[in-house]
Amino acid sequence: MACFAAFAFYGFVYLMRNPTFDVEFYVRERIRDYIESRTIDEDFADIPATQTVIPSSPFGELSIEEPTVEEATRIVEFSSEMLSSADDQSSPETPAFDPFQIDRNGPSICGHFFSNCLPMAPTMTRKPLKMYSKERIPMWIPAENATTRLWAGLYWNQWQWAYERWTTLHNVAELRLFEDVEDTFLSSVFSLPDNLSPKHGNEFVKIHEEQFLWDFLNGVRTDPPVCRFYKTNYAALEASAKTEKDTDWKSWLVVDKTLDSNYSSVAVPPLLHYLYPGCAVQAQYSEYHTARVVLKGAARFVLISPQQSTKMHLYPYTHPKSRQSQIDWFGDHAKLGDYDDAKSITAAYVDTLPGDVVLVPPGWLIHTEAHNATIFLDIHSPSLEQVNLLEAMSMRLPFPGSLTNDEKIVYAQVYLVHVLSRIHGLSSIRTYANKLFQARYGILFPENSLYMQHQTFQCFADNTDFHQATVD
């Protein structure tokens with residue numbers, strides 16, 4: 001029986017990856033078998049029913065509980081509802097090509113820039129992660145080990161959406177990959193503000209205020225190629241496109257055990273993303289726990305730990321592109337020699353297919369590269385890091401109310417010196433200030449630039465009397 005169970009399990013994995021296999025028929029048969037037998041699926045009989053340990057990975061080990069019979073029953077019942085909703089997703093005028101099967105591999109940050117990229121090991125669990133431990137460890141759960149393999153969203157007919165469900169996209173970002181005249185390759189990495197609008201367009205990025213979904217899908221085979229990227233609030237889309245039964249995204253919300261229960265229940269809208277093949281989204285981090293589910297296409301996700309964030313040269317926190325790296329990884333004009341510290345970064349990567357889930361802890365940077373045209377869903381959950389950041393940002397500074405601009409600068413300077421002097425492990429405030437400048441501001445304002453050369457402000461170092469009087 002054990003041999004047969006193992007054969008059936010790996011056979012199911014192969015067939016799920018085979019596009020000619022009738023997945024819906026197979027899943028319906030498994031549901032019928034389960035309901036008749038009322039036992040846990042025998043395909044997983046060789047997996048311990050209590051706990052499963054993640055195989056060895058560069059990030060250590062983590063244990064996750066397997067589902068109970070009651071939880072497995074709920075999964076089966078929900079899967080049946082989703083498959084029934086997928087029956088209606090057909091279009092009489094579907095074009096002859098599938099935009100999510102077009103392969104246009106672009107450059108990868110692994111090998112092109114990072115010399116030390118380690119593949120992530122898969123986890124073995126069939127249910128969403130309910131509790132998140134203090135260990136901030138990213139995880140990859142392949143579709144064959146996750147309930148997401150039963151989502152009707154994996155079988156969306158986007159051409160049918162373009163006719164009926166969701167005809168128009170707003171604020172679609174577009175990158176030209178080649179110069180019109182010199183045929184010079186440009187960057188394929190999207191580095192965009194969170195709240196994208198037409199005003200963010202420039203000579204490299206075009207923002208389509210409105211674009212038909214049909215044109216967006218058909219543009220995948222544009223020649224010469226372009227890059228397009230779109231994201232939207234999926235919770236709002238569910239109501240307008242009637243996709244409530246197409247995913248079970250709320251079951252992938254995680255509970256941070258280090259967080260007070262008053263905060264852990266706060267709802268954060270999930271984000272749905274579309275990305276053209278051969279294109280990338282800039283490495284960036286989130287303060288939330290993120291469960292990223294691939295719905296269509298194939299993509300590579302590269303993860304960098306928070307301990308290496310200074311080498312990623314992030315934008316300042318007040319910048320519209322905060323939480324993102326400033327380095328243009330693939331542009332011809334990127335001077336790789338300027339970022340020697342970034343070349344020593346150790347990253348982890350995973351190549352994903354529809355149904356795969358990547359769990360990204362808060363603070364970890366994730367760089368996205370689409371092998372095929374890709375749709376993925378980011379499901380955010382509150383974290384202790386995010387709550388602490390909100391509290392710090394909302395804290396009032398101990399300054400008097402009636403200060404001139406010059407006095408505010410001196411007060412801020414003195415206050416920062418006092419705060420930094422109390423941070424454990426900080427040997428020199430001057431050294432810290434220099435490192436902060438090089439990590440966050442050096443790219444934006446190089447010291448040898450005309451802008452910096454013409455700056456005369458010395459933070460009142462040339463006016464010691466005023467500075468001392470203000471401090472006193």
Any residue meeting ring-ring contact (aromatic ring centres under 6.0 Å, His included) with His319, in chain and number order, not counting sequence neighbours = Tyr315
Is the cationic atom of Arg104 (NZ for Lys, CZ for Arg) positioned less than 6.0 Å from the six-membered ring centroid of Tyr276 and within 45 degrees of its normal?
-> no
[Y] and [X] side chains, donor-acceptor separation under 3.5 Å:
{"X": "Glu209", "Y": "His170", "value": "no"}
{"X": "Gln386", "Y": "Ser383", "value": "no"}
{"X": "Gln158", "Y": "Trp166", "value": "no"}
{"X": "Glu238", "Y": "Thr243", "value": "no"}
{"X": "Glu369", "Y": "His367", "value": "yes"}
{"X": "Asn116", "Y": "Thr346", "value": "yes"}

Heavy-atom nearest pair, Thr167 first then Ala162, reads CG2-O, 3.3 Å
Considering all heavy atoms of both residues, which atom of Trp252 and which atom of Ser381 are nearest to each other, and what is their separation?
-> O-OG, 4.5 Å
Relative to each other, are the rings of Tyr230 and Phe216 parallel, tilted or perpendicular (30° and 60° limits)?
-> perpendicular
Which word best sums up how the rings of Phe399 and Tyr411 line up, parallel for under 30°, tilted for 30 to 60°, or perpendicular for over 60°?
->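 Phe399 vs Tyr411 ring planes: perpendicular.
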Salt bridge Asp341-Lys311, side-chain N to carboxylate O under 4.0 Å |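 No, Asp341 and Lys311 are not salt-bridged.
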Taking only Lys NZ, Arg NE, NH1 and NH2, and the carboxylate oxygens of Asp or Glu, determine whether Lys296 and Asp98 approach each other closer than 4.0 Å.
-> no
Could you check if a side-chain atom of Ile304 sits within less than 4.5 angstrom of a side-chain atom of Trp364, using non-hydrogen atoms only?
->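 The answer is no, as the side chains (C-beta and beyond) never meet within the 4.5 Å cut-off.
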Using the side-chain hydrogen bond (donor to acceptor under 3.5 Å, both in side chains) rule, pick out the option among Arg292, His273, Gln282 that qualifies with Thr368.
->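 The single option meeting the side-chain hydrogen bond (donor to acceptor under 3.5 Å, both in side chains) with Thr368 is Arg292.
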Other residues, nucleotides, ligands: >12 heavy atoms within 6.0 Å of [X] [atom1]:
{"X": "Gln438", "atom1": "CD", "result": "yes"}
{"X": "Phe100", "atom1": "CZ", "result": "yes"}
{"X": "Lys206", "atom1": "NZ", "result": "no"}

The single option from Trp156, Tyr274, Phe212 that satisfies ring pair (Phe, Tyr, Trp, His ring centres under 6.0 Å) with Trp161 is Trp156
